2 protein chains.
Amino acid sequence: MRHENKKRQSGCPVAFGLDTFGDRWSLLIIRDVMLKGKKTYSEFMNAKEAIASNILIDRLKHLETEGILEKSRDPENRRSFIYALTKKGRDLTPIILEIITWSGLHDQRPFAMRGLVEEIGKDREEFEALLRSE
Amino acid sequence: MRHENKKRQSGCPVAFGLDTFGDRWSLLIIRDVMLKGKKTYSEFMNAKEAIASNILIDRLKHLETEGILEKSRDPENRRSFIYALTKKGRDLTPIILEIITWSGLHDQRPFAMRGLVEEIGKDREEFEALLRSE
DNA sequence: CTAACATCTTGCGTTTTGCAAGTCGATTCT
DNA sequence: AGAATCGACTTGCAAAACGCAAGATGTTAG
């Protein structure tokens with residue numbers, strides 16, 4: 001499928017993480033499901049970042065085989081599938097929050113989204129607990 | 001140079017972070033300088049993960065223009081250059097530590113490096129302060 | 001049963017990556 | 001001083017990944 005198959009096998013935990021979710025798109029998908037409540041293929045397709053459909057399905061399958069997402073039928077719309085974070089996926093929350101915090105410090109662009117950053121800054125513990133409790 | 005030039009411009013802080021350091025190699029270089037004390041081109045070339053020389057120089061230049069690394073002459077060996085983390089680069093420490101922590105939880109491979117993970121787990125605050133104080 | 005919907009697949013041109021070899025300036029050796 | 005070495009890049013080319021557009025498959029509503 002793609003590069004994560006040939007894991008670097010260096011034993012380094014940083015490399016392990018990057019092999020699992022460290023590509024151009026995976027963390028954006030995880031962000032969408034973690035922070036924006038997105039659940040379906042078509043919701044992911046509508047992201048501002050415009051992922052290609054073949055790349056999206058590739059990443060969804062990859063994240064599923066890595067045990068970060070799990071796929072099930074949508075009981076309310078039986079032609080949709082729902083992708084949800086597993087425990088392993090929810091454990092990525094601190095990484096996402098740290099990336100957001102870092103960007104809050106260093107993104108100087110005028111259109112940078114500061115809202116989310118400030119919301120996390122106010123009460124990081126509470127914010128994280130909220131996300132994890134779903 | 002490469003994809004980070006065309007930033008996604010979505011304003012999302014996660015996307016901003018990924019555009020800056022979220023590729024297959026950048027965080028491994030940052031890990032090497034942050035955790036392993038590597039400083040020069042040839043030290044980075046000797047990483048277990050075997051980066052290609054053209055990719056390495058590309059990423060070093062990119063991280064330099066992003067203000068994460070700064071390059072200077074080595075006063076002790078004038079045919080070497082030294083790459084060091086800026087404040088912006090040192091601020092990535094929590095992200096690296098969270099990745100390591102996550103891998104510590106979820107890397108089941110027999111040769112996973114648990115040493116570093118445990119060291120961080122013992123006293124995360126102290127470990128982070130140590131790295132930041134350089 | 002047909003139309004619309006949602007998820008995926010395929011083909012193909014472009015971009016990025018990986019590998020091997022070579023260049024170039026600074027230092028050391030003789 | 002001239003040759004060899006070292007460290008930091010550069011270049012050329014093949015392989016892989018990506019991005020786009022179009023199409024195929026399965027599901028449900030009318």
Side-chain angles (χ1 to χ4, degrees), chain A residues 1-10 15 18-29 32-33 38-66 69-84, chain B residues 1-10 15 18-29 32-33 37-65 69-84:
Chain A
M1 196 196 292
R2 39 194 288 279
H3 64 261
E4 277 82 1
N5 290 353
K6 9 165 178 157
K7 294 221 173 202
R8 291 187 189 81
Q9 303 265 359
S10 64
L18 293 178
D19 284 336
T20 309
F21 55 79
D23 69 271
R24 206 152 152 43
W25 291 108
S26 292
L27 275 182
L28 292 180
I29 295 171
D32 279 349
V33 55
K38 295 189 179 179
K39 296 178 289 295
T40 66
Y41 181 90
S42 41
E43 285 172 336
F44 297 130
M45 278 300 290
N46 294 333
K48 279 196 302 296
E49 286 91 0
I51 188 171
S53 65
N54 53 344
I55 307 293
L56 173 58
I57 196 66
D58 179 278
R59 293 305 184 277
L60 289 173
K61 283 176 181 169
H62 173 68
L63 291 172
E64 199 186 345
T65 63
E66 289 290 344
L69 291 178
E70 57 192 354
K71 183 181 178 181
S72 59
R73 284 234 170 241
D74 184 343
E76 315 214 327
N77 177 357
R78 283 197 41 84
R79 53 189 147 179
S80 273
F81 294 93
I82 283 185
Y83 293 90
Chain B
M1 196 197 292
R2 39 193 290 279
H3 65 261
E4 277 84 1
N5 291 351
K6 9 165 175 156
K7 294 220 176 204
R8 293 186 187 81
Q9 303 264 358
S10 65
L18 293 178
D19 284 336
T20 310
F21 56 77
D23 70 270
R24 202 153 151 45
W25 291 108
S26 293
L27 276 183
L28 291 181
I29 294 172
D32 279 349
V33 55
K38 294 189 180 181
K39 296 179 290 294
T40 66
Y41 180 90
S42 43
E43 284 172 337
F44 297 129
M45 278 299 291
N46 293 332
K48 278 197 301 296
E49 286 90 2
I51 187 171
S53 63
N54 53 344
I55 307 292
L56 173 58
I57 196 66
D58 179 278
R59 295 304 184 277
L60 289 173
K61 283 175 181 168
H62 174 68
L63 291 172
E64 198 186 346
T65 64
L69 291 178
E70 57 191 354
K71 183 180 176 181
S72 60
R73 284 234 169 242
D74 184 344
E76 314 215 329
N77 176 359
R78 282 197 39 86
R79 54 190 148 178
S80 275
F81 293 93
I82 284 184
Y83 292 91

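Numbered from 1 within each chain, the chains take letters A, B, ... in sequence-line order. Remember, it's a predicted structure, so these values are computed and weren't measured experimentally.
- Annotation: the span from A:Asp32 atom CG to A:Asn46 atom CG amounts to 10.0 Å, rounded to 0.5 Å.
- Nearest heavy atoms, A:Glu49 versus B:Ala15: OE2-CB, 3.7 Å.
- Within 4.0 Å of B:Thr40, counting heavy atoms only, lie sugar-phosphate atoms of the nucleic acid but no base atom.
- For the pair B:Lys48 and A:Ser10, the tightest heavy-atom approach, listed with the atom from each and the gap, is CE-O, 3.3 Å.
- Within the 3.5 Å criterion, the main-chain N or O of B:Ser26 finds no donor-acceptor partner in the side chain of B:Arg59.
- For the pair A:Ile82 CD1 and C:dA6 C1', the computed distance is 13 Å after rounding to whole Å.
- Among the atoms of the strands shown, only primed sugar atoms or phosphate atoms (P, OP1, OP2) are found under 4.0 Å from some heavy atom of A:Ser80.
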Trace of the side-chain contact (heavy atoms from CB on, under 4.5 Å) decision for A:Phe81 with A:Arg73: CA-CA 4 Å; A:Phe81 294 93; A:Arg73 284 234 170 241; 3.6 Å; yes

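- Each of A:Ala52 and A:Asn77 has a nearest nucleotide on DNA chain D; the 5'-most of these lies closest to A:Ala52.
- Residue A:Arg59 places at least one side-chain N or O under 4.0 Å from the OP1 or OP2 atom of D:dC18.
- A residue-by-residue look at B:Arg73 and B:Ile55 shows that B:Ile55 has its nearest nucleotide of DNA chain C further toward the 5' end.
- Summarising the geometry, the separation between CG on A:Asn54 and P on C:dC12 is reported as 14 Å, rounded to the nearest angstrom.
- Contact annotation: A:Lys71 side-chain N/O to C:dC8 OP1/OP2 distance is under 4.0 Å.
- Distances shorter than 4.0 Å separate none of the side-chain N or O atoms of B:Trp25 from OP1 or OP2 on C:dT17.
- A:Lys61 has a side-chain polar atom (N or O) that falls below the 4.0 Å cut-off from OP1 or OP2 of C:dT9.
- Summarising the geometry, the separation between CD1 on A:Ile57 and C1' on C:dT10 is reported as 14 Å, rounded to the nearest angstrom.
- Map A:Glu76 and B:Tyr41 each onto its nearest nucleotide of DNA chain D; the residue landing nearer the 5' end is B:Tyr41.
- What separates CG of B:Leu56 from P of C:dG18 is a distance of 12 Å, to the nearest Å.
- Regarding contacts with the backbone of D:dA17, every side-chain N or O of B:Arg24 stays at 4.0 angstrom or more from both OP1 and OP2.
- Residue B:Leu60 contributes atom CG, which lies 11 Å from atom C1' of D:dC9 at whole-angstrom precision.
- For B:His62 (side chain) and B:Thr20 (main-chain N/O), a donor-acceptor pair under 3.5 Å exists by modelled atom type.
- In this structure, A:Tyr83 reaches the sugar-phosphate backbone alone: every heavy-atom distance under 4.0 Å involves primed, P, OP1 or OP2 atoms, never a base.
- Contact annotation: B:Ser53 side-chain N/O to C:dC19 OP1/OP2 distance is not under 4.0 Å.
- If you take CG of B:Asp23 and C1' of D:dC18, they are 15 Å apart, rounded to a whole angstrom.
- Atom-to-atom, CZ of A:Arg78 to P of C:dT7 comes out at 14 Å; the value is rounded to the nearest Å.
- OP1 and OP2 of C:dT7 both lie 4.0 Å or more from every side-chain N or O belonging to A:Arg79.
- At whole-Å resolution of the value, CZ in A:Phe44 and P in C:dT7 are 9 Å apart.
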